[in-house]
Amino acid sequence: MRIGFVTFHDGAGSGVRLLASLAKSKGHYVRLFILHHFRIIENSSPMQCPNAMQSICNGTFRVKKSDLYPITEHEIQLCIAALVEGQYDLIACSSRSTDTPEALRLIKQLRHALPHTHLIAGGHGPTYDPEVYLKSGVSCVVRGEGEGAFLDILKALPEKKNIATIENVAFLTPEGVQLNQLRPFIRNFDDLPLPLVSNDHVVYIEDNKASYKDPQVGLRRYGTALGRGCIGKCTYCGSESWNRLVSSTLGSSALYRHKTFDKLFDELEYAKEKGAHYIVFNDEYLVLPNDDTLKLFTEYKKRVDLPFSVNLHPRQLLDNEEIFEAVLEAGLDAFTIGFQSGSEEFSRNIFHRTLHFDQLLTLAHRLYDRDVAIASHFISGATFNTTEEWHSKLRLVSQLPFDPMNSRHSLIMDFQYMPTPGSRLCEVSGHARIPVQ
């Protein structure tokens, strides 16, 4: 089969690249179409209502490039023309909730241009809001973890078998949307291939032109993840909704799973051979028992020895001095601290964040003293935000470490609240949001 994959604002796209690699290993022809890479660029002033994030760093405003320069209709048409010319048997679109408007634009036009082509969708957006994708023209939606369902679809289509019984799949019936049961999560990641990175299999579309160039080829920063899942219960995030669903069907022990350390190190050593100079761990929280955390970063220093950024749970660094020192010795270069609100009461009651601000400030100053770059995250624009909460945010920011001569220690990132379908906060507040001053 000839398979085309489409993703939005995500040149890294590790999930869809893994699916492409899986399909290629089964003998299928694959090509990945990337509509815009994720980039942060400078802007002359703050935006009132961005779709993603903006930051201020030593007086300079920065925004996600796609907020200033969204995907154009010409770029949509370039993608459609290439997909039509490629005569693909299956087109798979992967999108986040924030990509839904652009994904639906493409899907509706693809369905019109290719009425008989199998068209499926997966990712966070389709997982939490399958009906809108199904009504826009996709044959089915793959919910949650996609590898098993995708391989079953690849087996079923050439034999013209019905995909209606495949686990993790959602599709339209005369009675409405049918959500098939979830399959058990993958527990053994060692059998999965590396994500596909190749100029020969990628069409990159940006700045109103298409090129056969993979934005990941030759990149000095290599992104990976030790595991999958998140233990957080943050009400603004769709992961919390997924956790509730998974816990009720598969049990809470399935929430975070990870590769063996040898599998991870083999991958990172290969990336280093290919020119990687910096490792980015994309785990939402890399959470392991203390002994395993120590083992991971001790071995990382021996086998990889590259600077890295990682999202450990702050308590791991605050409560265990041995872990704190081991992670710094291994090469910790950057760390994100999620305050999200300026009011601890607001953060706890509305966002369900349990960390105390005095602890997070302590961690920020300790990392600052060791020259670790710090990015402090906040969320604005939810209907619950108040003027009082905003002034609390300003007071909190004033207590963060700051170096006017070094931007590594003055990065404040503000995320425009995006109502994520399925998130607990969206269920309470609806889809409203307010402009950010």
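Predicted, not measured: the structure shown is a model, and the values here were computed from it.
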Is there a salt bridge (charged side-chain N to carboxylate O under 4.0 Å, His left out) between Glu267 and Lys259? Walk through the geometry before answering. CA-CA 11 Å; Glu267 174 187 350; Lys259 309 168 186 173; 2.7 Å; yes

Could you go through Arg228 and Asp283, starting from their C-alpha distance and side-chain angles, then the distance that decides it, and tell me whether this counts as salt bridge (charged side-chain N to carboxylate O under 4.0 Å, His left out)? CA-CA 7 Å; Arg228 293 183 183 178; Asp283 302 72; over 6 Å; no

Verdict with reasoning, Glu206 to Lys213, per salt bridge (charged side-chain N to carboxylate O under 4.0 Å, His left out): CA-CA 11 Å; Glu206 191 158 10; Lys213 174 188 175 183; over 6 Å; no

Apply salt bridge (charged side-chain N to carboxylate O under 4.0 Å, His left out) to residues Arg408 and Asp333 and explain how you reach the verdict. CA-CA 10 Å; Arg408 284 167 56 84; Asp333 176 76; 3.3 Å; yes

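The closest donor-acceptor contact from the side chain of Lys209 to the backbone of Glu75 lies at 3.5 Å or more, if one exists at all. No donor-acceptor pair closer than 3.5 Å links the side chain of Asn282 to the backbone N or O of Ala225. With hydrogens and angles disregarded, no donor-acceptor distance shorter than 3.5 Å links the side chain of Asn43 to the backbone of Phe61. Although no hydrogens or angles enter the test, the distance criterion places a donor-acceptor pair under 3.5 Å between the side chain of Lys272 and the main chain of Val304. Checking side-chain atoms of Ser55 against main-chain N and O of Leu411 turns up no donor-acceptor pair under 3.5 Å. Of the possible donor and acceptor atoms, none in the side chain of Arg39 sits under 3.5 Å from a partner among the backbone N and O of Ser66. In this structure, the side chain of Tyr300 engages the main chain of Leu306 through a donor-acceptor pair within 3.5 Å. Side-chain atoms of His9 never come within 3.5 Å of backbone atoms of His37 as a donor-acceptor pair (strictly under, hydrogens ignored). Looking at Asn168, its side chain does come within 3.5 Å of a backbone N or O of Arg143 through a donor-acceptor pair. Side-chain N or O atoms of Asp129 include none that pairs as donor or acceptor with a backbone N or O of Pro126 at under 3.5 Å.
The line from SG of Cys237 to CD of Gln340 is 10.0 Å long, rounded to the nearest 0.5 Å. Summarising the geometry, atom OG belonging to Ser376 is positioned 11.0 Å from atom CZ belonging to Phe335; distances are rounded to the nearest 0.5 Å. Separation of atoms OH (Tyr69) and NZ (Lys64) is listed at 15.5 Å; rounding is to 0.5 Å.
With respect to Ile34, the side-chain contact (heavy atoms from CB on, under 4.5 Å) criterion is satisfied by exactly one of Ile205, Val202, Val203: Val202.
Between Phe5 and Phe150, the ring centre distance stays below 6.0 Å. Taking the six-membered ring for Trp, His258 and Phe189 have ring centres at least 6.0 Å apart. The aromatic ring centres of Phe33 and Tyr204 sit 6.0 Å or more apart.
Figure legend: Arg2 and Tyr88 shown as a cation-pi pair, the cationic atom lying under 6.0 angstrom from the six-membered ring centre and within 45 degrees of its axis. With Tyr278 as the aromatic partner, Arg220 does not meet the cation-pi criteria of under 6.0 angstrom to the ring centre and within 45 degrees of the ring axis.
Salt-bridge formation is not detected for the pair Lys65/Glu42: no Lys NZ or Arg NE/NH1/NH2 atom is positioned less than 4.0 Å from an Asp or Glu carboxylate oxygen. Of the charged side-chain nitrogens involved, none lies within less than 4.0 Å of a carboxylate oxygen, so that Arg315 and Asp319 do not count as a salt-bridged pair.
Residues Tyr222 and Gln216 have side chains that never bring a donor and an acceptor to within less than 3.5 angstrom of each other. Counted by atom type alone, Thr260 and Asp190 present one or more donor-acceptor pairs between their side chains at under 3.5 Å.
More than 12 non-hydrogen atoms from other residues, nucleotides or ligands lie less than 6.0 angstrom from CZ of Arg353.
Not a single ring-ring contact (aromatic ring centres under 6.0 Å, His included) links Phe324 to another residue, sequence neighbours left out.
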